[in-house]
Amino acid sequence: LPDDWWVIHTNVGYLENRPVFGIGLEQLLYAPRVYGIFETYGARSEKPTVHGGLRLWVIPNRFQIDSTYGVQQSDPVRRFFTVGLRLLF
């Protein structure tokens with residue numbers, strides 16, 4: 001969205017013969033490198049997960065690190081922490 005202050009991304013597909021989905025929102029917090037992120041992912045017959053965290057461009061438009069804290073409101077409740085690396089060519 002305008003000047004990359006907001007980025008929306010979606011994912012759809014199949015995993016083990018069931019549909020999966022994801023939607024995320026990123027907001028620029030500190031130009032041009034730091035974004036706040038909020039995402040949710042799910043699959044049919046499962047409760048969706050909700051994640052929130054930060055995304056940092058170490059090398060703008062080339063190398064990114066992100067980290068989120070997530071929760072799945074299942075029984076029992078699942079909590080988790082993620083760290084991701086992204087390389088763009």
Salt bridge E39-R55, side-chain N to carboxylate O under 4.0 Å: yes

Partner set under side-chain contact (heavy atoms from CB on, under 4.5 Å) for L15, not counting sequence neighbours: V20

Gap between atom CD of E26 and atom CZ of F38 - 0.5 Å precision: 13.0 Å

Value rounded to 0.5 Å, distance of CG in L29 from CD1 in I37: 10.0 Å

Nearest heavy-atom neighbours spanning Y41 and G22: CD2-CA, 3.3 Å

Linked, directly or transitively: F81 and V50 (ILVMFWY side chains, under 4.5 Å): no

In one Ile/Leu/Val/Met/Phe/Trp/Tyr side-chain cluster, 4.5 Å: W57, I8: yes

Shortest non-hydrogen contact between F80 and T82, atoms and distance: CD1-CG2, 4.0 Å

Over 12 foreign heavy atoms within 6.0 Å of CZ, R44: no

Closest non-hydrogen atom pair between R18 and S45, with its separation: NH1-OG, 3.6 Å

Nearest-0.5 Å distance, NE2 of residue H51 to OH of residue Y69: 11.5 Å

Side chain to side chain contact (heavy atoms under 4.5 Å, CB included) evaluation trace for T10 with F21: CA-CA 7 Å; T10 61; F21 75 91; over 6 Å; no

Path from L85 to L56 over hydrophobic side-chain contacts below 4.5 Å: yes

Side-chain donor/acceptor of T68 to backbone N/O of G52, under 3.5 Å: no

Heavy-atom pair of closest approach, residues V34 and L28: O-CD1, 3.5 Å

Heavy-atom closest pair, residues V58 and R33: O-NH1, 2.8 Å

Closest non-hydrogen atom pair, P48 against T40: CB-OG1, 3.8 Å

ILVMFWY cluster, I59 and L87 together (side-chain gap under 4.5 Å): yes

Distance in Å, R86 CZ paired with R62 CZ, rounded so as to fall on 0.5 Å steps: 12.0 Å

